[in-house]
Amino acid sequence: MGERAESLHGWEVTPQEAVALQNALRERLVLQPPAGLRVSHVAGADISTETGNVLGYGGFVVLDAVSLRPVEHAGAAVALSFPYVPGLLSFRELPVLLAAWNRMVQKPDLVIFDGQGIAHPRRFGIACHGGLLLGVPSIGCAKSLLVGKVGPLGEARGETAEIHHRGEVVGMAVRTRRGVSPVYVSPGHLMDLPTAVEWVLRVSPRYREPETTRHAHRFVNALRTAG
DNA sequence: GCGACAG
DNA sequence: ATCTTGTCGC
């Protein structure tokens, strides 16, 4: 029997230990999609928190990859034990997302996270960490940049501009809608940059953010509101 | 030492 | 991320 991805490491860690884990786990990343990758279901992941409350409500919404219609959602509420620290977001959000993942029946072929993939100071954003632990192809699609610089970006939908950081191309700014700020796309695990950009555009036919993210965001907010 | 800083 | 009213634009 192989080890379970979820048990690669514990979550009771200090920020310093978290950084060491990122540097070690980074070596296991595969920045290439599996040969013949077929995506029939794509999921969005997100969490919702409340000021003055330790509980985090997280979940996934699985969409049919063609119609972009939801086919399943799964959520969980878990106490957030790690603070928000730029660069260590996955240690705050993944515990609740893993709990939600275990409740999901129709596991997706691809997950799009709300945050960075390798466009990260140590090339190990939440999409990398999540994809690795779940053993699923993943993409990071963030609303703002954590690291790196982007050059001029065309106005039309579909235009892209590289994200450069320390001499490397770590992602792409992608205009998903004309006249609106771009989103920042980078590969997570079992993924490359061209495929990541292709999928983000495919699941963002109308609005700035992917339908996966929009559905996940609404779902976890409803979870929190409901208690 | 001084800024920057996903969600 | 969350807290919050109105306001500008298609």
Side-chain angles (χ1 to χ4, degrees), chain A residues 11 15-16 18-19 21-22 25-26 29 44-61 75-98 100 111-133 138-150 155 157 163-166 168 170-174 176-189 191 193 196 200 206-210 212-227:
Chain A
W11 297 104
Q16 295 90 326
V19 168
L21 275 169
Q22 291 181 323
L25 294 174
R26 177 181 59 206
L29 283 182
D46 195 17
I47 80 163
S48 177
T49 61
E50 200 165 56
T51 304
N53 187 353
V54 296
L55 284 186
Y57 301 79
F60 295 84
V61 176
V78 172
L80 302 174
S81 57
F82 200 91
Y84 169 69
V85 178
L88 300 178
L89 178 66
S90 62
F91 288 88
R92 177 175 176 78
E93 299 199 348
L94 284 185
V96 56
L97 289 178
L98 290 179
V111 176
I112 299 179
F113 286 85
D114 195 359
Q116 315 293 341
I118 63 170
H120 177 278
R122 288 167 295 280
R123 305 292 181 264
F124 201 71
I126 188 171
C128 302
H129 202 163
L132 190 63
L133 294 190
S138 61
I139 293 169
C141 181
K143 297 180 291 299
S144 62
L145 233 33
L146 175 60
V147 296
K149 297 298 178 187
V150 179
E155 289 299 313
R157 169 184 149 77
I163 301 171
H164 290 262
H165 182 237
R166 297 179 186 172
E168 292 183 283
V170 296
M172 206 78 92
V174 179
T176 51
R177 183 176 181 175
R178 182 170 208 105
V180 170
S181 328
V183 291
Y184 302 93
V185 178
S186 57
H189 181 49
M191 183 57 50
L193 185 51
V200 166
R206 181 169 180 185
Y207 300 104
R208 182 197 181 204
E209 296 204 78
T212 43
T213 304
R214 288 163 44 77
H215 275 99
H217 195 272
R218 280 183 299 181
F219 171 55
V220 297
N221 259 313
L223 258 187
R224 176 171 64 83
T225 302

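Throughout, protein chains are lettered first and strands after them, A, B, ... in sequence-line order, and every chain is numbered starting at 1. Remember, predicted model here, so these are calculated numbers, not experimental data.
A:Phe91 has its CZ atom 15 Å from the C1' atom of B:dG7, to the nearest Å. Rounded to whole Å, atom P of B:dA4 lies 21 Å from atom CG of A:Leu89. Rounded to whole Å, atom P of B:dA6 lies 13 Å from atom CD1 of A:Ile126. In this entry the distance linking CZ of A:Phe82 with P of B:dA6 reads 15 Å, nearest Å. Following rounding to the nearest Å, A:Arg92 (CZ) and B:dA6 (C1') show an atom-to-atom distance of 13 Å. Rounding to whole angstrom units, OH of residue A:Tyr84 and P of B:dA4 are separated by 15 Å. Atom-to-atom, CD1 of A:Ile118 to P of B:dA6 comes out at 18 Å; the value is rounded to the nearest Å. Rounded to whole Å, the distance from CG on A:Leu146 to P on B:dG7 is 9 Å.
A close approach under 4.0 Å does not occur between any side-chain nitrogen or oxygen of A:Lys143 and OP1 or OP2 of B:dA6.
No side-chain heavy atom of A:Cys128 sits under 4.5 Å from any side-chain heavy atom of A:Arg123. A:Leu88 has its side chain within reach of A:Val19: a pair of non-hydrogen atoms, C-beta onward, lies under 4.5 Å apart. Side-chain contact check for A:Pro182 versus A:Val174: every heavy-atom pair is 4.5 Å or farther apart. For the pair A:Val220/A:Arg224, no side-chain contact is recorded, criterion being any heavy-atom separation below 4.5 Å from C-beta on. Contact annotation: the side chain of A:Cys141 approaches that of A:Ile112 to within less than 4.5 Å [non-hydrogen atoms, C-beta and beyond]. In this structure the side chain of A:Thr49 reaches within 4.5 angstrom of the side chain of A:Arg92, judged on heavy atoms. At least one side-chain heavy atom of A:Trp11 sits less than 4.5 Å from a side-chain heavy atom of A:Leu98. Side-chain atoms of A:Leu94 and A:Phe113, non-hydrogen and from C-beta on, do get closer than 4.5 Å to each other.
Residue A:His189 forms a side chain to side chain contact (heavy atoms under 4.5 Å, CB included) with just one option from A:Leu133, A:Ile118, A:Leu132, A:Leu25, and that option is A:Leu132.
Note on A:Leu145: only backbone sugar-phosphate atoms sit closer than 4.0 angstrom, heavy atoms only; bases stay farther off. At a threshold of 4.0 angstrom between heavy atoms, the contacts of A:Gly87 include nucleobase atoms, whether or not backbone atoms are also involved. Among the atoms of the strands shown, only primed sugar atoms or phosphate atoms (P, OP1, OP2) are found under 4.0 Å from some heavy atom of A:Asn221. Among the atoms of the strands shown, none is found under 4.0 Å from any heavy atom of A:Leu94.
In summary, the aromatic rings of A:His129 and A:Phe91 are positioned with their centroids under 6.0 Å apart.
Once the 5.5 Å centre distance and the 30° plane angle are applied, the aromatic ring of A:Tyr184 is found not to be stacked with the base of B:dA6.
Of all nucleotides in DNA chain C having an atom under 4.0 Å from a heavy atom of chain A, the first and last in 5' to 3' order are C:dA1 to C:dC3.
Salt bridge status for A:Lys143 with A:Asp114: present, with a side-chain N to carboxylate O gap under 4.0 Å.
In this structure, the side chain of A:Ser186 engages the main chain of A:Gly117 through a donor-acceptor pair within 3.5 Å.
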* To do: Using Watson-Crick or G-U wobble pairs with both distances under 3.5 Å, give me DNA chain C in dot-bracket, 5' to 3', with [ ] for crossers and | for pairs to another strand.
  => ..........
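For DNA chain B, runs of at least 3 consecutive pairs of the Watson-Crick or G-U wobble type, with both hydrogen-bonding distances under 3.5 angstrom, are absent.
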